[in-house]
Protein chains: 2
Amino acid sequence: MARRIGIKDVAAAAGVSVTTVSYILNRVEGKRASAETRQRVWQVAEELGYKLNNLARGLRTQRSQTIGFIGDEIATTPNSGRIILGAQDAAAAQGMVLLLVNTGGDEELERRSIEMLLQRQVDGVLYAAMYHRVVELPESLRSTPTVLLDARCEDPAVPFVVPDEVQGGHTAVRELIEHGHRRIGMTIGVDDIPALQGRIEGYRRALEEAGIRYDPSLVAAEKAVRIGTPAGDADAGYRAARRLLIMEERPTGLFCFNDRMAAGAYRAAAELGLSIPGDLSVVGFDNQELVSETLYPALSTVQLPHYEMGARAVTQLLALTGTPDSPPGPVTQEMLHCPLVARASVTSPPRL
Amino acid sequence: MARRIGIKDVAAAAGVSVTTVSYILNRVEGKRASAETRQRVWQVAEELGYKLNNLARGLRTQRSQTIGFIGDEIATTPNSGRIILGAQDAAAAQGMVLLLVNTGGDEELERRSIEMLLQRQVDGVLYAAMYHRVVELPESLRSTPTVLLDARCEDPAVPFVVPDEVQGGHTAVRELIEHGHRRIGMTIGVDDIPALQGRIEGYRRALEEAGIRYDPSLVAAEKAVRIGTPAGDADAGYRAARRLLIMEERPTGLFCFNDRMAAGAYRAAAELGLSIPGDLSVVGFDNQELVSETLYPALSTVQLPHYEMGARAVTQLLALTGTPDSPPGPVTQEMLHCPLVARASVTSPPRL
DNA sequence: CACGGTTGGTGAAACGATTGGCCAACCCGG
DNA sequence: CCGGGTTGGCCAATCGTTTCACCAACCGTG
């Protein structure tokens, strides 16, 4: 196989020095070259099929044009793929590429993974912990620009991007209220994650705004048996919804902590002979299309802006480290808007 | 910030040459060093917190310890995350890391993406096209070891790993037959992808084996309206299933092309007052847990071995390029077994 | 014609590792 | 004391870029 051709081959073929070639190919400002030379170099480079060697450049410039993405459970939650996608797109737009590692939540593995990233001189790191958790930043990342994804950290110096759970919960419940519902239940699991607190807060605020008294008996918590699995959530959602629906004065609207729990609510409703949305309106959270779209009628839900989160995180990171165009900026912490995705599971409450 | 410390710092601190440090740290065979020196170097490296610079090493050795992963629709299909995960795990086990790019199916973007990978001197490439399609390998990848993932290629010189769709279809239908079903329908979409042909083939073989005549009227094809979306598939699955279930002599078992279509079948059954699995047994394909587990009763289905595919692809790639331990091997093309995931949607047919 | 300013470059030292070739010192038998 | 093998280790080139520092030639001007 023919040796890969480098900058010096181009220089030789064009009859100039490598310095000149480098200047021209990189469009370095302030360095002059005649239009003719410039033209010739480009052409020769093209003809020879010159490809930059990023390892060599990185060695010299101390920037690898590479971003490390470290996730504790890549793809365990399906939508996390969208985070990666968003990050990758934003990175690619700046000529950067994502270096992916996964830790499966294992400390030791995480250490090794981070090491592999640092060894490769990543320009920065995206540290993604699914489910909007509170985490602490591994020591080894202290010295590299890092932004947290779907997670936050005690230390205020660490930038992050998370979904605005409160606004999301508020939006979900508002959708019910606007359709005329006054008696609105909520079904939740029992894990104490920030996401849960936020969504409950949103629920309460929306009620309050509408002048509806908050009734604790309308929020039903059930523990998932097989925790974290779709089946576990759906089952917990079923039990929680059932409890609410057999109440004396049952709610006409239901806000479910997530789409999986909403699936359980559908089952509970069906079992009790309640039709959706005729007898019961339901709104979920997450917009996992595999659930929200395959349910019938399709589930109205609030979307977790995964793609945007990935994209914003990269943008933040790049702002942090500075790009050729712009200087390094300040640490930012961002909460992203969660839009409503209205489908067919919400309508006016039945007249009594 | 203190300059990162390099091999020469270690050498200086240990009072030896960089050559010696390199030999020791890399455990180069055939190069001798006294036990004492060895010990000292390790210790000094540890104390100073020496970290290898992979860019520099890669520049010298012409291996970046990096694998490019290029997908046309990363994470569009949720389980594709599992492919990446499998690949990442297998790579990490060999000290390699995945460089991720996505093309969104755009030719131009693909070209640029591949370029970015090659620029970074990846040791090999995983080219993943979701949905087991037939693709042709981009010209620019010809000169780099590449293995196809969930895709195949006309050229027999290109290694690939795909699921064994025929076996999968066979397994699905066998599950029904073993429970006593003789009248088994199949619901499919209309896209002509290899996956479809394979699964149909598996269906026919299983019937044949059991001495059941193949009846074309029992395979119902419906075109998805919003193609590719879960809602589209579910809807097509609903229509197809409905057609079969209102037949004079309706099937007692249903093999659905995928889990989304199975979700549609559930709806059709419910609408017609048929209970699952009492009146109708259903088996899906893909094992998208978000669907198969949130359906009620939980869906028996055949699993696409995404994780293993990713892992095997990396193994193949590494075999192809050769590792320190083993020499480069031959091109291999692999079909992976699709196991049955039995849940609650299959039982014996109702007695008539 | 001497001089300062521009134009259009060039040379060579990094960056941080790997590795082929060389070599001094020691040991041991004869 | 010589010769040859082994031990333990070092020199310097190299990988492909970037970039600092320098410079020859030319041009217009006073």
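Each chain gets a letter, A, B and so on, in the order its sequence line appears, and its residues count up from 1.
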key: Side-chain ion pair, A/D155 and A/R142, N-O less than 4.0 Å   =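 Yes, charged N to carboxylate O under 4.0 Å.
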
Is it true that the side chains of [X] and [Y] contain a donor and an acceptor less than 3.5 Å apart?
X: A/E29; Y: A/Y23; value: no
X: A/E334; Y: A/Q316; value: yes
X: B/Y307; Y: B/D89; value: yes

message = Could you tell me the boundaries of the chain A footprint on DNA chain C, defined by atoms under 4.0 Å from its heavy atoms?
response =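 Range of nucleotides within reach of chain A: C/dT7 to C/dG16.
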
query = Heavy atoms, side chains only, cut-off 4.5 Å: are B/V147 and B/F160 in contact?
reply =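 B/V147 does not reach B/F160 side chain to side chain.
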
inquiry  = Could you tell me if the side chain of A/P163 sits less than 4.5 Å from the side chain of A/M335, heavy atoms only?
reply    =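 No, every pair of side-chain atoms sits at 4.5 Å or beyond.
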
task = Mind listing the residues from residues 113-125 of chain B sitting with a heavy atom below 4.0 Å of DNA chain C? Number order is fine.
result =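 Those residues whose heavy atoms fall under 4.0 Å from DNA chain C, taken from residues 113-125 of chain B, amount to none.
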
query = On DNA chain D, nearest-nucleotide positions of B/T37 versus A/R60: which is more 5'?
reply =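 It is B/T37, whose closest nucleotide lies nearer the 5' terminus.
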
Criterion side chain to side chain contact (heavy atoms under 4.5 Å, CB included) against B/V101, the qualifying member of B/I70, B/L109, B/V125 =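 For B/V101, the side chain to side chain contact (heavy atoms under 4.5 Å, CB included) check succeeds only for B/I70.
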
Main chain of [Y], side chain of [X]: is a donor-acceptor contact present, judged purely on distance under 3.5 Å?
X: B/Q65; Y: B/N54; result: no
X: B/T37; Y: B/A33; result: no
X: A/T61; Y: A/R57; result: yes
X: B/T19; Y: B/S17; result: no
X: B/D9; Y: B/I5; result: no
X: A/T146; Y: A/T144; result: yes

task = Determine, stepwise, if the pair A/D106 / A/R112 fulfils salt bridge (Lys or Arg N to Asp or Glu O under 4.0 Å).
result = CA-CA 10 Å; A/D106 177 38; A/R112 292 213 344 249; over 6 Å; no

message = Under 4.0 Å, heavy atom to any atom of DNA chain D: which of residues 39-59 of chain B qualify?
response =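 Heavy-atom cutoff 4.0 Å gives B/L59.
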
Contacting residues from residues 15-32 of chain A, given that a heavy atom lies under 4.0 angstrom of DNA chain D =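 Listed by number, they are A/T19, A/S22, A/Y23, A/N26.
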
inquiry  = Could you work out how much the helix from C/dC1-D/dG30 to C/dG30-D/dC1 bends, comparing the axis of its first five pairs with that of its last five, to 10°?
reply    =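 If I round to tens, the end axes sit 70° apart.
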
key: Partners passing salt bridge (Lys or Arg N to Asp or Glu O under 4.0 Å) against B/R111 (at least two apart in sequence or in another chain)   =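 B/R111 satisfies salt bridge (Lys or Arg N to Asp or Glu O under 4.0 Å) with B/E108 once adjacent residues are dropped.
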
